Number of protein chains: 2
Amino acid sequence: MQHLKNALGSSVQLPSAAVGRMSLYLRELQRLSDNGVMSLNSAELATLIEVSPAVVRRDLSTIGAIGRRGVGYVTADLIQSIGAVLGSETSWTVALVGVGSLGTALLRYRGLQRQGFHIVAAFDADPRLVGTSICGVPIYAAAEMSKKIGELKPQLAVLAVPAEAATAVASELADAGITGILNFAPATLKLPKEMGVVNVDLASEMQRLAFTVTSGITGGAVPEAENQKK
Amino acid sequence: MQHLKNALGSSVQLPSAAVGRMSLYLRELQRLSDNGVMSLNSAELATLIEVSPAVVRRDLSTIGAIGRRGVGYVTADLIQSIGAVLGSETSWTVALVGVGSLGTALLRYRGLQRQGFHIVAAFDADPRLVGTSICGVPIYAAAEMSKKIGELKPQLAVLAVPAEAATAVASELADAGITGILNFAPATLKLPKEMGVVNVDLASEMQRLAFTVTSGITGGAVPEAENQKK
DNA sequence: TAATGTGAAACCGTTCACAGCT
DNA sequence: AGCTGTGAACGGTTTCACATTA
């Protein structure tokens, strides 16, 4: 559960599960918008991300999105509202640490840019990489990290270093003024509690999949028959 | 919430949030084990993954792990029990589709292998890649996918293709007999409901981080003062 | 004595069902 | 006539608190 201010500035709650769904709504809405879809209703949006219409309505009403009864929601308005909540309006600057295979893949991935996340610098300990650049992002020496971060002032960092190095690098990032870390290293970072952390562990996700498959439970969604009056 | 059989074969429930924690317990326990730690208590394990001791006890007791009152848990036993639940004992075979930057990074990543996931084949549409191999994994033509999967019978697949191709490839994987997909494409797969799917969307995770940072809520964990009697 | 294992309560998110708008 | 917005019921997860056991 997390907080956010609504349009009136009063504080409301957004369930953290809902935050995840917001990204999915936004992704689908952007696609629909590109295809010229001007509006849609909760049932249609629900189908696209495989949740129930009630979840969609609850989510959208929580963030103060305004639909029209009897009609549905205006695509552009939703993109606007959800984008505001997720900070897609802010232009985030990001530092990437660890230019291995994964770091390289992230530097090459255009999807981050598209959502407003701009990687402005990369860091690696390998001297052969230092001085080169990938997709326009310069790679600096690990030793220069604090200094460069002080200069460029990126708000966020992506951590793609080996597990052994993760904790130390994370502390350094925190000291350098980074406010949030997307952590791909299979390690639990020990950080000041005001820092934001999101962990993505590939082996864990694979284990989650294995469990899903073994337990035979079909991630199958969409219960609800949506009420039909009388 | 998902099912699992306990040692006695009776069906019990494992909260899906707990599945995620199991991976983390396992990761930390393996590290401790490598360092010669033979046993630990719930409070210690709790600190390592930043949850409360009560959560640890509840989780472990749910999967039937056995601790000793007044002492704690035996590291090796826990690794065994958790591994059994997550399917780490099974040797999973995996197909990877899409050998772009991300696909390559996944082929190079040793962490999957270490947890029992063996990538046995990779597929890509680019003819320049076909016939080559990465870290010992042969790359086949996309057109051969169904045939090769029929031969090698991998249980799981990792999907690292562009969003536009994702749905079609996923259907083909389902038809070819794959039972679960780890999906990195930013698209909602439309699949038969008996198939397992776990989605990892890098842009979404970044948005989640941005939200965490903006909302000012400090992922800060560990409430609980753990009871002190009287 | 020290830490587990676990009913029971508290909490939180989802689902239901329908009143209220357009 | 149709779909949103939302109070209220529900169900699942976490937390509490303590009896239990080595």
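Each chain gets a letter, A, B and so on, in the order the sequences are listed, and its residues count up from 1. Just so it is clear, the model here is predicted, and its values are computed rather than measured.
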Considering only heavy side-chain atoms of A:R69, the closest of C:dC21, C:dG7, C:dT14 is C:dC21
Nearest-Å distance for atom pair CG/P, residues A:L60 and C:dT15: 15 Å
Can you tell me the distance, in whole Å, between the CD1 atom of B:I49 and the C1' atom of D:dT14? 14 Å
Walking DNA chain D from its 5' end, the first of A:S61 and A:V71 to be reached, judged by nearest nucleotide, is A:V71
d(A:Q207 CD, A:T214 OG1) to nearest 0.5 Å is 11.0 Å
A side-chain contact here means heavy atoms from C-beta on lying under 4.5 Å apart; do A:L60 and A:L45 qualify? yes
Taking only the side-chain nitrogens and oxygens of B:R57, find out if one of them lies under 4.0 Å from OP1 or OP2 of D:dC18. no
Would the distance check show the side chain of B:T62 and the main-chain N or O of B:L14 forming a donor-acceptor pair, the cut-off being under 3.5 Å? no
No-H, no-angle donor-acceptor pair, A:R58 side chain to D:dG7 base, under 3.5 Å: yes
So if I take every side-chain heavy atom of A:A54 and compare against D:dT13, D:dG5, C:dC16, which nucleotide ends up nearest? C:dC16
Given atom CG of A:L40 and atom P of D:dG2, what is their separation to the nearest angstrom? 18 Å
Starting at atom CZ of B:R68, determine the distance to atom P of C:dT1, rounded to an integer number of angstrom. 19 Å
Among D:dT14, C:dT15, D:dG5, find the nucleotide with the atom closest to the side chain of A:S52. C:dT15
Using a 4.0 Å heavy-atom cut-off, does A:I66 contact any base of the nucleic acid, only the sugar-phosphate backbone, or nothing at all? sugar-phosphate
So if I take every side-chain heavy atom of B:V55 and compare against D:dT6, D:dT15, C:dT14, which nucleotide ends up nearest? D:dT15
When you look at CZ of A:R68, are more than 12 heavy atoms from neighbouring residues, nucleotides or ligands closer to it than 6.0 Å? no
In whole Å, what is the span from the CE atom of B:M22 to the P atom of D:dT13? 12 Å
Closer than 4.0 Å, any side-chain N/O of A:Y73 to the OP1 or OP2 of C:dT22? no
Do any N or O atoms from the side chain of A:E205 and from the backbone of A:L202 form a donor-acceptor pair under 3.5 angstrom? no
Quick check on D:dC3: is either OP1 or OP2 less than 4.0 Å from any side-chain nitrogen or oxygen of A:S42? no
